[in-house]
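Have a look at the structure below, then the notes.
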Amino acid sequence: MPDLLGFFKLKGRHISAIILVIALMGLSIYLYLQSSNRAVLQAGTILVLPVKVIGDTAAKPINKYEKTDKLIHQIGSSDLYSVLDTEDVIEIMKRASISNDVLDDEDILNIFKVSGASLIIETEARVSAKQDRLVYRLHTRGDVYSGDLSGAENNDLFLQLSHLINRRTGADKLTTIRLDDSKFVNPEIAKALEQIKAGNQNIARSSLEQVLTSDPENVTAKRLLANILMDSGELTSANRLFNSAIEQANSQGDSRELARLRLSLANNMLSQNEIERALLLLSMAKSDAAKVNDWLYLAYIFERSGQANQRLNRYAAAREQFKKSIYYHKKIHCPYGQVQGQNHLAELELLERNYSKAYRLTKQSLDIITMRDLSNLRAQTLKLHTKIENKL
């Protein structure tokens with residue numbers, strides 16, 4: 001009998017050990033699956049490409065820029081990741097020489113080259129009277145995660161996708177917006193943006209003027225129209241629109257929009273040689289952009305501040321501003337902006353006869369251009385580099 005009891009005791013210990021091993025294996029598998037949903041990305045920017053829409057759009061009209069804008073706002077930003085606005089993504093696509101929304105793998109690679117993005121989000125909304133589908137591809141460097149969602153309401157599908165993306169990036173909060181909160185909910189603004197993208201400023205102007213006739217308080221329409229007016233030399237009219245939009249954005253507490261508006265108005269002031277007023281606006285724009293971790297616009301604002309200080313012969317201040325611009329472009333891994341910032345700083349060093357410093361800067365720029373194949377910047381950088389080289 002004692003031997004039998006000992007046998008059962010020993011067997012019981014073995015069973016307990018087996019159960020413990022199985023539990024540990026289960027926990028390991030669970031943790032692995034959880035971590036796979038939170039793929040670690042390189043810190044930087046997230047680009048949401050304009051939504052492609054196919055199917056029965058007559059039965060279910062879809063404004064692709066509205067959907068893109070909503071998805072951007074539903075993706076969480078953090079100290080590690082900054083989600084670019086639709087207009088900024090369009091500018092990056094322009095740098096990559098992409099003029100349409102039908103992209104292949106080479107186009108995606110070119111966007112990575114010029115932007116340094118951590119994640120590029122590509123979506124296709126397939127609409128029908130019965131059921132909608134949202135096909136998505138999440139591009140990281142060297143990898144693609146794809147899938148699709150289906151349901152009766154495409155708004156829900158985009159919200160589901162934003163949750164999925166936030167899990168993969170590890171975003172700790174999700175910011176949702178109401179349907180009417182999209183900057184492009186008005187289809188005429190979406191049309192204007194499409195025309196701006198195609199370089200048809202006059203057609204875009206007509207659409208924006210139409211928006212402001214029916215909705216005179218539309219901040220986005222005012223900013224886009226003011227930029228067109230500024231480009232066409234109608235500086236006084238542009239000033240008036242910028243100031244009106246700034247007042248509205250300020251009352252709404254929209255720091256991201258304020259940063260853009262104040263930068264644009266500062267550019268208008270600089271074109272009229274009102275440099276001190278421009279610097280005051282740029283200082284305010286820095287605070288606006290910093291509140292929302294808008295690293296890209298911090299880079300733009302510091303660059304413009306450097307140019308303004310240089311025009312006033314404040315070379316030490318200009319140098320500091322250019323360095324900060326380069327810092328923020330590096331933070332978002334943007335080679336295009338880094339090259340531009342280094343070239344501005346090189347021009348300043350050339351002006352102060354610091355030829356060796358200037359040479360090193362343009363040499364670094366040429367190395368980045370070669371590595372990232374930034375052909376749009378090669379000629380101007382090489383010209384500056386040769387000019388500096390002749391001074392050594």
Side-chain angles (χ1 to χ4, degrees), residues 39-50 68 71-72 75-99 103-122 137-145 165 168-171 256 259-260 263 289-290 292-304 306 321-346 361-378 380-381:
V40 177
L41 295 176
Q42 184 183 36
T45 53
I46 297 174
L47 273 63
V48 181
L49 300 179
T68 304
L71 181 56
I72 286 169
I75 297 171
S77 289
S78 68
D79 290 337
L80 293 177
Y81 307 109
S82 177
V83 188
L84 296 193
D85 275 356
T86 304
E87 296 158 75
D88 304 323
V89 174
I90 289 172
E91 175 59 28
I92 286 172
M93 292 174 71
K94 183 179 175 183
R95 291 176 183 176
S97 302
I98 297 169
S99 58
L103 309 182
D104 56 25
D105 290 342
E106 187 176 350
D107 291 326
I108 296 295
L109 180 60
N110 286 335
I111 293 173
F112 271 120
K113 283 180 180 178
V114 302
S115 69
S118 298
L119 175 66
I120 297 174
I121 300 164
E122 192 179 7
R137 300 178 77 199
L138 310 181
H139 301 266
T140 57
R141 290 186 177 276
D143 195 16
V144 183
Y145 179 84
I165 293 165
R168 291 182 69 81
T169 62
R256 186 175 293 273
R260 284 153 174 71
L263 174 59
V292 290
N293 290 330
D294 196 338
W295 305 325
L296 177 63
Y297 268 78
L298 278 169
Y300 290 159
I301 294 161
F302 275 113
E303 180 182 296
R304 214 67 175 118
Q321 300 298 297
F322 286 139
K323 285 181 178 180
K324 286 183 178 178
S325 175
I326 295 167
Y327 165 80
Y328 280 107
H329 279 304
K330 284 182 176 179
K331 187 176 179 70
I332 61 175
H333 304 278
C334 178
Y336 202 99
Q338 187 180 338
V339 167
Q340 289 183 315
Q342 288 176 173
N343 288 354
H344 286 311
L345 184 54
L361 285 162
T362 51
K363 179 65 169 61
Q364 289 172 13
S365 289
L366 288 170
D367 289 343
I368 294 171
I369 288 168
T370 300
M371 185 184 304
R372 294 300 192 101
D373 193 24
L374 305 178
S375 55
N376 292 346
L377 297 175
R378 189 182 306 279
Q380 66 192 71
T381 304

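Numbers here simply count residues along the sequence, with the first being 1.
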Using 0.5 Å steps for rounding, measure from the [atom1] atom of [X] to the [atom2] atom of [Y].
| X | Y | atom1 | atom2 | answer |
| --- | --- | --- | --- | --- |
| Ile111 | Ile120 | CD1 | CD1 | 5.0 Å |
| Leu366 | Leu361 | CG | CG | 11.0 Å |
| Leu47 | Thr45 | CG | OG1 | 5.0 Å |
| Asp143 | Leu138 | CG | CG | 10.0 Å |
| Ile92 | Leu296 | CD1 | CG | 6.5 Å |
| Glu303 | His344 | CD | NE2 | 3.5 Å |

Check: What side chain to side chain donor-acceptor pair (under 3.5 Å) pairs are there with at least one residue in residues 362-377, not counting sequence neighbours?
Finding: Gln342-Ser365, Asn343-Ser365, Thr362-His385, Lys363-Asp367
Margin query: Using the side chain to side chain donor-acceptor pair (under 3.5 Å) criterion, which residues pair with Asn110? Sequence neighbours excluded.
Written below: none
Checklist line | Pair Ile368-Leu377, side chain to side chain contact (heavy atoms under 4.5 Å, CB included): steps then yes or no | finding: CA-CA 10 Å; Ile368 294 171; Leu377 297 175; over 6 Å; no
Next item on the list: Give a yes or no on this: more than 12 heavy atoms of other residues, nucleotides or ligands lie within 6.0 Å of atom CG of Asp105.
Entry: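 12 or below, so no.
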Check: Should Asp88 and Tyr297 be marked as a side chain to side chain contact (heavy atoms under 4.5 Å, CB included) after you check the CA-CA gap, both sets of side-chain angles, and the distance that decides it?
Finding: CA-CA 10 Å; Asp88 304 323; Tyr297 268 78; 3.2 Å; yes
Checklist line | Residue list, side-chain contact (heavy atoms from CB on, under 4.5 Å) with Glu87, at least two apart or on another chain | finding: Lys183, Phe184, Leu193, Arg223, Leu224
Write down the atom of [X], the atom of [Y], and the distance for their closest heavy-atom approach.
| X | Y | answer |
| --- | --- | --- |
| Pro335 | Val114 | CD-O, 3.8 Å |
| Met93 | Pro50 | SD-CD, 3.7 Å |
| Leu374 | Lys113 | CD2-O, 3.9 Å |
| Lys331 | Trp295 | CE-CE2, 3.3 Å |
| Val48 | Thr68 | O-CG2, 3.8 Å |
| Ala117 | Arg141 | O-NE, 3.9 Å |

Item checked: Step-by-step side chain to side chain contact (heavy atoms under 4.5 Å, CB included) determination, Arg260 to Asp85 -> CA-CA 11 Å; Arg260 284 153 174 71; Asp85 275 356; 3.4 Å; yes
Note to self: Run the side chain to side chain contact (heavy atoms under 4.5 Å, CB included) test on Leu119 and Ile165 for me, step by step, so that the C-alpha distance in whole Å, both residues' side-chain angles and the decisive distance to 0.1 Å come before the verdict.
What the structure shows: CA-CA 10 Å; Leu119 175 66; Ile165 293 165; 4.2 Å; yes
